[in-house]
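Following: one structure in structure tokens, then a few remarks.
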Amino acid sequence: MSELLQTLLEGAFPDAEGVEVVDRTGGGDHFHVTVVSPRFAGLSLVDQHRLVYDALAEPLADGTIHELRITTRGDA
Amino acid sequence: MSDLSDRIQETIDAEPVVAFIKGTHEQCMCGNSERALQALRSVGTSFIAVDVLPDPAIRQELSALSSWPTIPQVFVGGELIGGADIVQELAASGELESKLNEKLGDSWRNGGEERTVAVTDREDPFRLAG
């Protein structure tokens, strides 16, 4: 399941300097994702996280992701 | 706009600091909601909690209003400032206090009172079960 999230995030942030997906519990439904992308520059944290939620809308909506932690950074 | 949506919006507009959480401020049912409350407590602000568990419609209407898909959601002065990760990050960096000052002046430094309010008349089925 981590691979799906990785693919979705890399697709949504093609210019990302880093995408990391951690399965926090090993159960395949509690994740911590970190995205480092210049696209976040100048955006509020709320808007940065909204972009990540948008990228993961499908697995969030269908219950694949039970819990999601997000870390975003504009540069490495 | 439904009545429920109106009541949610009124709560967001009327209360200086509102946290929509799973559970109540005394009996939080979710780790992320608890992290958001701890972040608010760490700066000593008063806040109102709204339990989203009594009715799934609360969460649906809230997310439609806020364009934010998950719980918790913390609002300051009517503005969504984030979920658990952001509020925790803001608290750690000192920006949460800046945000509270910017939105509310000094009025949030008023003793760290906490209470949970209802936006629906339905009972929380989880709390009844517990």
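By the rule that hydrophobic residues join a cluster once side-chain heavy atoms approach within less than 4.5 Å of another member, A:V19 and A:L43 end up as members of one cluster. The hydrophobic cluster containing A:V33 does not contain A:V22, counting ILVMFWY residues as joined when their side-chain heavy atoms lie under 4.5 angstrom apart, directly or transitively.
Checked against side-chain contact (heavy atoms from CB on, under 4.5 Å), B:A19 has the following partners two or more places apart in sequence or in another chain: B:I21, B:L37, B:L40, B:V74.
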Which donor-acceptor pairs fall under 3.5 Å between chain A and chain B:
residue: A:R50; atom: NE; partner: B:S67; partner atom: O; Å: 2.9
residue: A:R50; atom: NH2; partner: B:S66; partner atom: O; Å: 2.7
residue: A:Y53; atom: OH; partner: B:T70; partner atom: OG1; Å: 2.7
residue: A:I70; atom: N; partner: B:D85; partner atom: OD2; Å: 2.7

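For chain A, the option among B:P69, B:G83, B:G82 with the highest count of heavy-atom pairs below 4.5 Å is B:P69.
Only the backbone of B:I81 comes within less than 4.5 Å of a heavy atom in chain A; its side chain stays farther off.
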